[in-house]
Structures are given as C-alpha cells and as structure tokens.
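Structure first, commentary second.
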Amino acid sequence: MTPTLEHTYACTFPTLATEQRPTIPAESRVTWVNEPLAQELGLDAAWLATNNGLAWLTGGSAPTYALAYSGFQFGQLSPVLGDGRAHLIGELPLPGAELGASGNPTQPCVDLHLKGSGLTNFSRPGSDGKAPLSAVWREVVIGESLHALGVPTSRALAVIETGEYIRRRSPMPEPAGILVRVASSHLRVGTFQYAQLTEGEELRKNLVNYALTRHYPHLNAENPLDLLRAVSKQQAQLVAHWMSLGFVHGVLNTDNVSISGQAIDFGPCAFIDGFSRDAVYSSIDRQGRYKYRNQPGVTQWNLARFAETLLDLIDDDPNKAVHLATDVLAEFEETYQDACTRLFAAKLGIDLGESADGQTLDKVAAFIEKTLDLAGEKTLDFTGFFRALTDDAEVQNSEKLQSLLGQEPAETWLAELNRLRAETGASPEKSYQLMQGNNPVYIPRNLTLDAALRKVETGDAEPIQRLIEAVRNPYTRVVGNEDLEQAPDSSRFFTSFCGT
C-alpha cells in the first residue's frame with residue numbers, strides 16, 4: 001500500500017507554497033535508503049528503492065510545492081528567497097498518527113522534502129536547480145552524525161542519482177544527485193519574514209497558530225509570545241549542543257533557522273579538528289560572521305529578527321510589544337549558558353544533576369572557559385582531547401592527556417578538574433559514565449569525509465558507507481576504524497562549500 005501524504009501547510013497557506021513539479025530525469029534511481037529512519041517512519045526500505053518507491057519519493061502525480069521565505073543572508077535582507085532547488089513532497093503522518101484532510105495537523109507528522117530537484121519560481125538567475133552528488137552525501141553524513149550525537153536535526157531518507165553531470169567548484173563536470181530529507185517541518189524564521197513583507201496580519205496570526213499546533217501543541221495555540229519563547233529555548237539548546245561538539249553550521253542565515261528547533265540545511269559545515277574559537281569553514285564567510293565563537297550571538301540576533309515579525313501580534317501598543325519580546329529574548333542567554341555548561345560538564349565528567357546551584361554552575365562555567373582557552377592555545381583536536389580524557393579515566397592514568405598538554409599542565413588541569421568533580425559528588429565511576437556517553441570516538445572528520453565524497457563521485461560508495469556506520473555508533477570504538485578517529489595535520493586548511 002502506497003503511503004499517504006498530506007499538504008496541510010500548502011492548503012492553509014497557498015501564498016507561501018507555490019505548486020511546482022520537480023525535475024526527475026528518466027535515468028534517476030534510488031541508490032541508498034536510510035533503513036533505520038525508514039523503519040522509524042513505518043516505511044518499507046526495500047520498496048523505497050524500487051521504481052514505485054522512486055515515484056512516491058519524488059511526488060508521483062500528486063501536487064508538490066516550492067516554499068516561499070525571506071532571509072537575512074550575512075546580515076543583509078533578501079526579501080524573496082524560497083526553495084530555488086527544492087520541493088516539498090508532502091507531510092507524512094508518523095506511525096499511529098493520522099492527518100485531517102485540511103487545516104492544522106492534529107497528529108505528529110514530518111515533511112518529506114527534495115533538494116537538488118530542479119528549477120522553481122524561486123531559483124536564482126543562472127541556476128540549474130541541481131545539486132552535486134557530493135553535497136547530497138555530505139548532508140546524509142552530517143545528519144546521521146548529529147542525530148546519533150543527540151542533536152535535533154533533519155535527516156536524509158534516501159539518495160537519488162540522476163545520471164546527470166553538472167559544474168560547480170571545479171571545471172570538471174561532477175555527478176548530480178537529489179537528497180530526500182525528512183524534517184519536523186520547513187517553517188523557518190525566514191517564513192515569518194516573508195509573510196510580514198508580503199501578507200497581512202491575519203495570515204501571520206494563522207501562521208503562529210499553525211506553528212504552535214504543529215510543534216508546540218502543549219502551548220496556547222494563539223499566543224505569539226509563547227511561540228517566540230518556545231523557539232528561542234529550542235534554538236538556545238540546539239546551538240549549545242553544537243558548541244559542545246565543536247560543530248560549526250557555516251551559514252546561520254535566518255532562512256536556515258527552523259521554528260521546530262532542528263538543525264537544517266547542511267552546506268558549508270564541519271566539526272572542528274584543531275580547536276580555535278575562530279574556526280570558519282564556509283568558503284563564502286570571508287568576514288567570519290558564522291565562526292564557532294559567534295554561533296550563540298548570531299542565533300540570538302536571528303531570533304530578534306523573528307521577534308520583529310511578531311510585534312504587532314504580541315500587543316497593539318508597540319512599546320509594550322517590544323518590552324515583552326525583549327524580556328523573552330533576554331532568556332536566551334541564560335538558557336544557552338545553562339545548557340552549554342551542563343553539556344560540557346558531562347564531557348568533563350562533572351555531575352551537575354538538576355539541582356546544582358548558581359555558584360556551582362558559575363564555577364564549572366569558568367573552568368570550561370579555561371579548558372577551551374587551553375585547547376585553543378595548543379590547537380588541540382577538539383574531539384580527540386575529550387576522548388583522551390575519557391580513555392585515561394577508563395584506565396585511571398593521564399598518559400594521553402600528558403602527551404597532549406605536557407606533564408605539568410596536564411597535572412595542574414586535572415587537579416582542578418578532580419576538585420570540581422569531588423565538589424559535585426561525582427564518583428570515578430559516574431565521571432567515566434558521563435564522559436563515555438558524551439565524548440564521541442567518531443565524528444565526520446573533514447578530510448576523511450571529503451575523501452569519501454570524492455570516491456562516491458566515481459561510483460565507489462564503500463568509504464562513505466563505512467563512515468556512516470561509524471558515526472551512527474559514535475561512542476563505540478571498533479577495531480579497524482582507527483583511521484576514522486584521527487584528524488590529519490593538514491585538516492586545519494579545510495574549507496567547505498555550499499554545494500549550489
């Protein structure tokens with residue numbers, strides 16, 4: 001039986017979703033299916049790889065849509081962006097849920113969405129609407145890695161190879177592909193910006209209602225301030241996760257900030273190898289706007305732009321609306337700092353628990369800053385450093401840390417860390433348990449991933465499949481995967497491209 005898809009968003013907001021057909025070449029075939037995700041969604045992975053599955057994944061004969069949104073790109077407003085090479089295939093009810101024929105979703109659902117699926121009315125001049133196969137696979141790997149690390153994220157359901165060749169960052173043609181991805185929705189800060197610029201107040205009220213009903217059903221479905229607070233909290237926790245993993249998104253424009261709080265749109269992103277707070281991986285971020293250290297501040301700035309689209313809905317008195325929104329946005333920093341401190345504390349084996357007082361949190365936060373300063377001074381492998389701490393705890397010595405920091409700095413740093421552990425009541429066993437569950441062995445090492453992407457362009461998918469299996473089980477060391485643990489010395493010169 002063919003799974004049923006709905007279009008509650010497109011039906012409710014026809015001016016925000018333009019009916020458009022994807023371009024699916026006749027030679028297209030599904031070359032990879034995310035079997036664990038398919039199972040979670042109640043889908044038959046084997047069927048998805050068939051011709052009928054391909055037809056369903058790409059919209060079949062049902063309506064498909066390109067979504068409209070605006071965005072502050074590198075701080076400059078682009079009033080009309082939208083899906084220039086993407087199509088919304090539909091909303092898939094989660095197992096056990098059903099959707100109504102129209103109106104707001106009454107049960108949990110996810111979006112099925114294509115990237116690299118051809119031109120739309122929102123395509124830039126000169127664009128072909130296609131995506132390189134390497135960019136498609138990059139999003140697969142990053143999504144699977146973040147998911148396994150506990151980060152809310154969109155994920156790839158399938159990869160489609162189209163048989164086409166396109167030109168991007170090199171003069172040589174490269175194979176094209178289409179990503180089939182799943183996300184809680186594709187409502188963005190930029191969606192609300194577009195609605196503010198082009199539509200009336202009533203539509204934005206309905207958009208607030210839709211977003212709250214779909215993503216925050218426990219809240220008042222008509223309160224824009226509740227929506228702002230919920231999105232701010234989710235985004236604060238999301239960016240705290242990124243910081244604790246040394247992850248740099250790369251392009252935190254408002255059109256890449258999801259209302260659901262998921263990470264979306266992985267283009268020029270990367271995990272830091274040699275640590276620097278100023279790490280930048282996007283080839284187009286020449287000013288470092290979206291460097292590692294800036295991610296919390298930029299996210300709060302993006303949320304301020306979101307608040308601006310809600311002010312007249314929050315209160316008729318502009319001054320009161322600004323005051324109320326400002327109070328909510330002020331909560332971002334506290335939420336972020338608390339989440340970030342707790343995540344890093346777990347990586348360090350410090351057991352904060354739920355009842356840690358403010359003084360303890362401040363003391364731990366200061367030690368985290370000292371640790372990151374030390375990591376930056378020595379350009380330590382971010383993931384490798386925290387994993388070495390874990391491995392040393394397992395065998396109860398400091399051999400790996402001494403090799404990274406030097407004997408005296410390691411002993412001084414460890415003495416202070418152990419004092420904090422003792423003050424918070426963490427036993428050696430509890431400390432190790434915390435570190436073991438929060439310090440991955442495997443992340444997508446930048447040059448390793450890049451080499452695997454070059455291989456997949458030639459038809460050799462073995463390296464990318466091996467990497468995916470490793471990052472899906474990031475905390476379990478596997479004999480034979482030693483090469484996937486290491487960051488080559490030359491990785492500090494790595495740059496990522498947006499893939500468009």
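Keep in mind it's a predicted model, so treat the numbers as computed, not measured.
Without hydrogens or angle criteria, Tyr432 side chain to Ala393 main chain gives no donor-acceptor distance under 3.5 Å. Listed for the Gln295 side chain is no donor-acceptor partner under 3.5 Å among the backbone atoms of Trp242. Side chain of Tyr442 to backbone of Val478: a donor-acceptor contact under 3.5 angstrom is found. A donor-acceptor pair is defined here as one N or O able to donate and one able to accept, closer than 3.5 Å; such a pair exists between the side chain of Tyr292 and the backbone of Met243. Side chain of Thr341 to main chain of Asp338: no donor-acceptor pair is present (N/O by atom type, distance under 3.5 Å, no hydrogens or angles). No donor-acceptor pair closer than 3.5 Å links the side chain of Glu40 to the backbone N or O of Leu94. Gln234 contributes no side-chain N or O that, together with a main-chain N or O of Gly261, makes up a donor-acceptor pair within less than 3.5 Å. For Ser232 (side chain) and Leu228 (main-chain N/O), no donor-acceptor pair under 3.5 Å exists by modelled atom type.
You'll find the ring centres of His87 and His113 outside the 6.0 Å limit. Aromatic ring centroids of Tyr9 and Tyr210 lie under 6.0 Å apart. Aromatic ring centroids of Tyr194 and Tyr69 lie 6.0 Å or more apart. Ring centroid separation for the pair Phe367 and Trp413 comes in under the 6.0 Å cut-off.
When each of Asn34, Leu92, Val33 is checked for a side chain to side chain contact (heavy atoms under 4.5 Å, CB included) with Leu43, only Leu92 meets the rule.
Residue Glu369 places its CD atom among more than 12 non-hydrogen atoms of other residues, nucleotides or ligands, all under 6.0 Å distant. Within a 6.0 Å radius of CD in Glu482, other residues, nucleotides and ligands contribute more than 12 heavy atoms. With a 6.0 Å radius and a threshold of 12 heavy atoms from other residues, nucleotides or ligands, Glu399 has its CD atom at or below the threshold. Within a 6.0 Å radius of CD in Glu35, no more than 12 heavy atoms belonging to other residues, nucleotides or ligands are found.
Considering all non-hydrogen atoms of both residues, Ser70 and Asp255 come closest at O-CB, 3.5 Å. Of all the heavy atoms in Ile264 and His249, the pair that sits closest is O-NE2, 2.9 Å. Closest approach of Leu348 and Leu417 over heavy atoms only: O-CD1, 3.6 Å. Here the closest heavy-atom approach between residue Asn438 and residue Lys347 is recorded as O-NZ, 3.3 Å. The minimum heavy-atom distance linking Ile142 with Cys269 is given by the pair CG1-SG, 3.9 Å. Scanning both residues, Thr424 and Ile350, for their nearest heavy atoms gives OG1-CG2, 3.6 Å.
Between Asp312 and Lys205, no side-chain nitrogen of the basic residue sits less than 4.0 Å from a carboxylate oxygen of the acidic one, so the salt-bridge criterion is not met. The existence of a salt bridge linking Glu139 and Arg155 is excluded, since no basic side-chain nitrogen approaches an acidic carboxylate oxygen closer than 4.0 Å. Residues Asp327 and Arg229 are not paired through a salt bridge, judged by the lack of any N-O separation under 4.0 Å between the basic side chain and the carboxylate.
A perpendicular orientation is assigned to the rings of Phe344 and Phe382, their planes being inclined by more than 60° (bins at 30° and 60°). Ring planes of His218 and Tyr216: perpendicular class, angle over 60° (limits at 30 and 60°).
Side chains of Asn253 and Tyr290: a donor on one and an acceptor on the other come within 3.5 Å. Arg387 and Gln436 share a donor-acceptor pair across their side chains, judged by distance under 3.5 Å alone. Side-chain contact check for Arg204 and Asn209: no donor-acceptor pair (N or O, by modelled atom type) lies under 3.5 Å. In summary, the side chains of Thr390 and Asn439 do present a donor paired with an acceptor at a separation below 3.5 Å, with no hydrogens or angles considered.
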